[in-house]
Structure formats: C-alpha cells, structure tokens
Amino acid sequence: MKLRSREVVSGLEGLPRRALLKADGLTDADLERPMIAIANSWNQVVPGHLHLRELAEAVAAGVRAAGGTPLEFNTIGVCDGIAMGHVGMRYSLPSREVIADSLELMLEAHRFDAVVAIASCDKIVPGMLMAVGRVNIPAIMLTGGPMMPGEWRGRKLDLISSFEAVGEVKAGKLSEREAKEIEDRCCPGCGSCAGLFTANTMACLTEALGMSLPGVACVHAIDAKKRRFAKQSGMQVVKLLRQGITPRKIMTRAAFENAIMVDMALGGSTNTVLHLPAIAHEVGVSLCLDTFDRLGRRTPCICSLRPGGEHMMLDLERAGGVPAVMKQLGKLIRGSPLTVTGRRVRNNLKFVKLQDSAIIRPLTKPYHREGGIAILYGNLAPKGAVVKYAGVSKNMLHHRGPARVFDCEGDAVKAILGGRIKRGDVVVIRYEGPKGGPGMREMLAPTSAIVGMGLGDSVALITDGRFSGGTRGACVGHVSPEAAEGGPIAIVRNDDEILLDIKHRRIDLLVPDAEIKERLAKFKPPKPHVKIGYLALYSRTVSSAAEGAIRR
C-alpha cells in the first residue's frame, strides 16, 4: 500500500511539514497512519447540510477505528430552493465546477491518501464525484439523506407544495392564510427535500454507481442509521486504500449504465442528464444523450415518486431503497461493476429483499413501459432536449399549440401569474442556457406557477434552461443548441405553432424550412450581459447542455 501522504511527512525534509501538522494536534502516531480526508459541505444555509457536521464526526470515528488519521475540510454548497426564481439561480450549476476544483485542490495539495466526501443536494454531490474521479484516490460518497415529509390537513407536503401554493393563491384556490400554513409545515427539518428531486435522485444514482454503501441513499437525515452508515463509510474507505480500489475502477461504463437505468426506473430528475455525463467525463467515459434514450426505451418506470407521483422518499426507503430497485430490475442491471464495498454489484444484491411491491413495482406491472426521462429531437432541438416523461400527464404527451415567447424566466412568471397564458399555449423561455443565462437557471417558479394556476394539463413549457427535480408537467429543457449559440429556439416568434410529441421523441417548430433558414441567417446573438466575475468566466468556457455543461 503506497501512501501519497508519505511525500508530506517522511524523512528529514518532512520535518517542517510535520511541525505544522502537530500544530493541528496530531501526534507522531497519527502521522504514521494513512491520512484520510473528510470533504464536508456542511453549512447553516442549506437544510440538506445542517446535520453533516455530525455525520463527519461519525466518519472520523470510523476512520480512526480502521487505523487512519481523519482530517476534515469544507467546500461550498448552494441551496437551489433558496436561489430559485432570481439572479442567484444563475450561480447554482456553475458552483458544481467550483466544488470539483476545490476538492481537487485540497486533495492534491495535501497529498491525502483517501477521502470520504459528505454532501446532500443538487450540484454538491456531482461536484464531489467529479473531483474524486479526477484525483482517483480511494473514495466513498456519503449522502446526507432526505428530509421527512411535512403534513397539512392529512396531506403530505414537500418544498414543491410551497412553490405550487403561490399559483394556487393567484388562482383563488387557496387563501394566503392557508398558504402560510403550508409554508410553515412543508419543510419540517434537516435533509434534502422529501420527494425524488435532484438531490435525492443524485444520492440514489451515486449508490447505483457503486460510489456509496448499499442502502445509504434513502436513509433519512434524522435516522440514527445514517450515523451508522457514516461510521461504516469511514472504516470502509481505509479498506479500499489497502485494497487499492479507486473511483476509476468503480465508475466504469457499465456502472454508469446501471445508474441511468435506476434513474429511468425511479423517474428521477432531468438534471442527471447534465451531471452523469460530467462525472463520466472525469473518468474518461463518454455518455451522450443517445445513451440515455437507448436505456430509457428498454427500462420501465417502476416507481411513482413526488413530484410526478404520489409516494415520498420515506415510502421508497421502507420498500427497500435503491438495492430493492436494482434487484427488481433483474437482468437489466449489470452485475459485474465493482463497488465501494469491495464486492461486485451482483454480490451486493444477492440477499436483498423487496419490502413493498406497491411502491417498487415488478417489471411486468410498471407505471410506465419506458423510463422516466426521454430525449427529444427535432428542428427546434437538433442536438436534443430533455423531458421528465414520468411527470407528464397522458393528455400532454402529444401537444400542439401557439408559442408564447419570453427572453428570461422572470417575464414568463409574470405572464403566467398575471393570467396571460391560456390553455393550449406553449411557453418558450430562452437565453437561459449554460452560456446565455449564464448558468442555466432552473425553471421551478414558472412550472409550479403553471400547475398552481390549473394549467398543468394544458400548457407546455420549453426552454434552453433546465428544470428543478421538483418540476412536473410537459416541461422540455436543455434545448440545444441554446439561443445564445444561435439555436433555432432563438428565432421562435409569438404565435408560431410548436409540436411536442413525447412518445415519438419529437419537438418541432411548425414553420417552413425555408423560413427557419432565413430567420437563422438574419439572427445575431446578443452580447453577453455579464462581463465580470465568475459567471463571465463560466460563460466563456462552458459547453452545451447536450454535453453535460462541462468546461471546455
């Protein structure tokens, strides 16, 4: 077992570095052991991260019990819900790259031997996975777990309940007093929001990838079992170090395909179509949109979780969690990939038992015959677009209607809440892509407003931005190329007819080809409106959403 940390602490030349580590309180015995990083994203802003300090303590205890020396450091974490609906959301997706870079810098600068990365929420989990894939030292992800659902008048609540309450008040379906009661009850404590939104989707896919211990993703933040998983993760990462098992041995193409199939079976967030390719890129695996579509067509959706379904993460946990989903998928799942247990997928699943077939259905009785995410193509999205198939009502799988065009999210929200969007319309929001936003904002405010106003079964929304994992309805995102790069979405006009055919994977602007070519020839992209700071740098270096919005 070759230890990178010996470059820091060994020999006479290591004396000054040992002196600095002793200032941290380390002893000679501590310095002789492997140095194990605990990369934590604890903060007091994000509800999903409030309890991560306690988990880090449990991880450290596990590392010590296994013969390692734990050293903790922190990185940033943006709460998408708090950043939603204003300029702050432009910083959310770009934070993924900062998180990945910050871990790389700390792990490489201090020559850590292994790492346990602790995170909840959307960009933080993929950012950390990108980093450990890049650095490629033994690593385990510990995800913080879901929040318990809230409750109001016998109805289960989550964060999306509060977003949709805004539209319900505007539509006269809810009083402001009732909305305040929902506000006070929908988020009862720590953890990532209670439905299968992006945070919990990414936790599930991390487990399916083999990068966290089996069963950890669905264990709720307040459950003592989560602390036990934390201690076990600390112990296990030292074993991985001794066995020489690194992330690139785990995150293979087969492992990514397993994760995609679990995503399809669960009906998870469309943000995974950004995050999985970005993680794969760091370990030398190419994941294109066609991979998602190919696997989506053969993988049935066997769960019905919020926001598109009735069940909460608590129901999924009680039914057996991710291991039970993988077991239920049977021969669709590849058994050969290695995992952080040191064993292969097939061995991990050998003794798994499904607890509730009403929550995780058999393949013969799925909620949808195809997976929860679909990739669409057409003259409006030549390089592809993404829709959460599982969250679309049957009568909106095929929709044709007039475009209502907006050049930013805010204008669209005002129009929806102001009653200017009518049944049958197609709302188009552009200049919100990775480059044009910049930052590719999530569109939870307009999608929730559409549902709250009672238009969820009659209005479609199309954007070069993206959607929250909490979005439901006929909402097509990641339209590529984006408007800022001269994609066809830039030349859509009010009252142009748009055809959305999700079953046949089509999204088309019903304008003659000659006119589309003429409009594109005359199009001149607007100058970037952000000229300083991190977003300006991000806008210059980010790739298309179709490539995972990675840095070029």
Worked check of side-chain contact (heavy atoms from CB on, under 4.5 Å) between Leu376 and Val386 = CA-CA 6 Å; Leu376 312 182; Val386 181; over 6 Å; no
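- A pairwise comparison of heavy atoms in Ile359 and Asp315 identifies CG2-O, 3.7 Å as the closest pair.
- In this structure, the side chain of His86 engages the main chain of Gly88 through a donor-acceptor pair within 3.5 Å.
- In this structure Asn43 satisfies the side-chain hydrogen bond (donor to acceptor under 3.5 Å, both in side chains) test with no other residue, sequence neighbours excluded.
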Query raised in the report: After noting the C-alpha distance and the side-chain angles of Asn40 and His49, does the key distance pass the side-chain contact (heavy atoms from CB on, under 4.5 Å) rule?
Result: CA-CA 9 Å; Asn40 200 350; His49 294 213; over 6 Å; no
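- Residues forming a side chain to side chain contact (heavy atoms under 4.5 Å, CB included) with Glu515 (at least two apart in sequence, or on another chain): Arg493, Val511, Pro512, Arg519.
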Please tabulate, one pair per line, all N/O donor-acceptor pairs under 3.5 Å involving side-chain atoms of residues 195-208, not counting sequence neighbours.
residue, atom, partner, partner atom, Å
Thr198, OG1, Ser269, OG, 2.7
Thr198, OG1, Asn271, ND2, 2.9
Thr198, OG1, Gly469, N, 3.2
Asn200, OD1, Ser192, OG, 2.8
Asn200, ND2, Cys193, O, 2.6
Asn200, ND2, Gly195, O, 2.8
Thr201, OG1, Phe197, O, 2.8
Thr201, OG1, Ser269, N, 3.3
Thr206, OG1, Met202, O, 2.7
Glu207, OE1, Gly215, N, 3.4
Glu207, OE1, Val216, N, 3.3
Glu207, OE1, Ala217, N, 2.9
Glu207, OE2, Gly215, N, 2.7

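- No salt bridge links Lys383 with Glu485; every basic N to acidic carboxylate O contact stays at or beyond 4.0 Å.
- Residue Pro438 comes nearest to His529 through the heavy atom pair CD-NE2, 3.9 Å, listed as atom of the first residue, atom of the second, then distance.
- Residue Ile279 holds its CD1 atom at 11.0 Å from CG of Leu274, rounded to the nearest 0.5 Å.
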- Asp457/Lys394 under salt bridge (Lys or Arg N to Asp or Glu O under 4.0 Å): CA gap, chis, key distance, verdict: CA-CA 9 Å; Asp457 63 347; Lys394 288 183 179 178; over 6 Å; no
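- A search for side chain to side chain contact (heavy atoms under 4.5 Å, CB included) contacts involving Pro382 returns Pro481, Pro488, not counting sequence neighbours.
- Using a 4.0 Å cut-off between charged side-chain N and carboxylate O, Arg253 and Glu257 make a salt bridge.
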Task: CA sep, side-chain torsions, deciding dist, call: Asp501, Arg400, salt bridge (Lys or Arg N to Asp or Glu O under 4.0 Å) - done: CA-CA 8 Å; Asp501 186 352; Arg400 175 174 175 166; over 6 Å; no
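- The heavy-atom pair separating Arg248 from Gly133 by the smallest distance is NE-O, 3.0 Å.
- A salt bridge links Arg466 with Asp122: at least one charged nitrogen is closer than 4.0 Å to a carboxylate oxygen.
- Looking only at atom types and distance, the side chain of Thr75 has no donor-acceptor partner in the side chain of Ser41 under 3.5 Å away.
- Annotation for Met251 and Val283: closest pair O-CG2, 3.5 Å, computed over non-hydrogen atoms.
- In this model, a donor atom of one side chain and an acceptor atom of the other lie less than 3.5 Å apart for Glu178 and Ser175.
- In this structure, the side chains of Val46 and Leu50 stay at 4.5 Å or more apart for every pair of heavy atoms.
- Residues satisfying the side chain to side chain contact (heavy atoms under 4.5 Å, CB included) criterion with Leu520, sequence neighbours excluded, are Ile491, Ile516.
- Other residues, nucleotides and ligands contribute over 12 non-hydrogen atoms within 6.0 Å of the CZ atom of Arg294.
- Evaluation of the salt bridge (Lys or Arg N to Asp or Glu O under 4.0 Å) test over residues 467-483, restricted to residues two or more places apart or in two chains, returns Glu164-Arg472.
- The shortest side-chain heavy-atom distance between Arg420 and Ile416 does not fall under the 4.5 Å cut-off.
- Between the side chains of Asp263 and Thr272, a donor-acceptor pair is found at a separation under 3.5 Å.
- Results of the salt bridge (Lys or Arg N to Asp or Glu O under 4.0 Å) test with Glu409 over Lys414, Arg430, Arg441 single out Arg441 as the only residue that passes.
- Checked by atom type and distance alone, the side chain of Ser102 pairs as donor or acceptor with a backbone atom of Ile99 at under 3.5 Å.
- Between Val45 and Ile82 the shortest heavy-atom distance is O-CD1, 3.6 Å.
- You'll find the side chain of Asp158 reaches within 4.5 Å of the side chain of Met312, heavy atoms only.
- Identified under the salt bridge (Lys or Arg N to Asp or Glu O under 4.0 Å) test for residues 267-288, with sequence neighbours left out: Arg134-Glu282.
- If you take CG on Leu397 and NZ on Lys503, they are separated by 8.5 Å, rounding to the nearest 0.5 Å.
- The side-chain hydrogen bond (donor to acceptor under 3.5 Å, both in side chains) test applied to Asn494 returns no partner, not counting sequence neighbours.
- What you find for Gly384 and Leu289 is that their closest heavy atoms are CA-CD1, 4.0 Å.
- Leu52 has its side chain within reach of Ser120: a pair of non-hydrogen atoms, C-beta onward, lies under 4.5 Å apart.
- Under the 3.5 Å distance criterion, with hydrogens and angles disregarded, a donor-acceptor pair is assigned to the side chains of Asp290 and Tyr377.
- Each of Val132, Leu129, Leu209 was evaluated against Met141; a single residue qualifies, Leu129, per the side-chain contact (heavy atoms from CB on, under 4.5 Å) test.
- Side-chain contact between Thr252 and Val285 is absent, with no heavy-atom pair separated by less than 4.5 Å.
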Atom pairs and distances, side-chain donor-acceptor, residues 166-174, under 3.5 Å, sequence neighbours left out:
none

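- Here Asp464 does not pair with Lys435 in a salt bridge; the nearest charged N to carboxylate O distance is not below 4.0 Å.
- For Thr143, the side-chain hydrogen bond (donor to acceptor under 3.5 Å, both in side chains) criterion is met by no residue, not counting sequence neighbours.
- Take Pro526 and apply the side chain to side chain contact (heavy atoms under 4.5 Å, CB included) test, not counting sequence neighbours, and it matches Tyr431, Phe523.
- Between Asp496 and the choices Leu509, Val426, Val428, Leu380, the side-chain contact (heavy atoms from CB on, under 4.5 Å) rule is met once, by Leu509.
- One finds no salt bridge joining Arg306 and Glu310 here, because no Lys/Arg side-chain nitrogen approaches an Asp/Glu carboxylate oxygen to under 4.0 Å.
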Applying side-chain hydrogen bond (donor to acceptor under 3.5 Å, both in side chains), run through Lys123 and Ser92 and close with a yes or a no.
CA-CA 7 Å; Lys123 307 321 156 309; Ser92 176; 2.9 Å; yes
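- Note that NZ of Lys522 and NZ of Lys517 are 15.5 Å apart. Values are rounded to the nearest 0.5 Å.
- Applying the side-chain hydrogen bond (donor to acceptor under 3.5 Å, both in side chains) rule to Arg552 yields no partners; only residues at least two apart in sequence or on another chain are considered.
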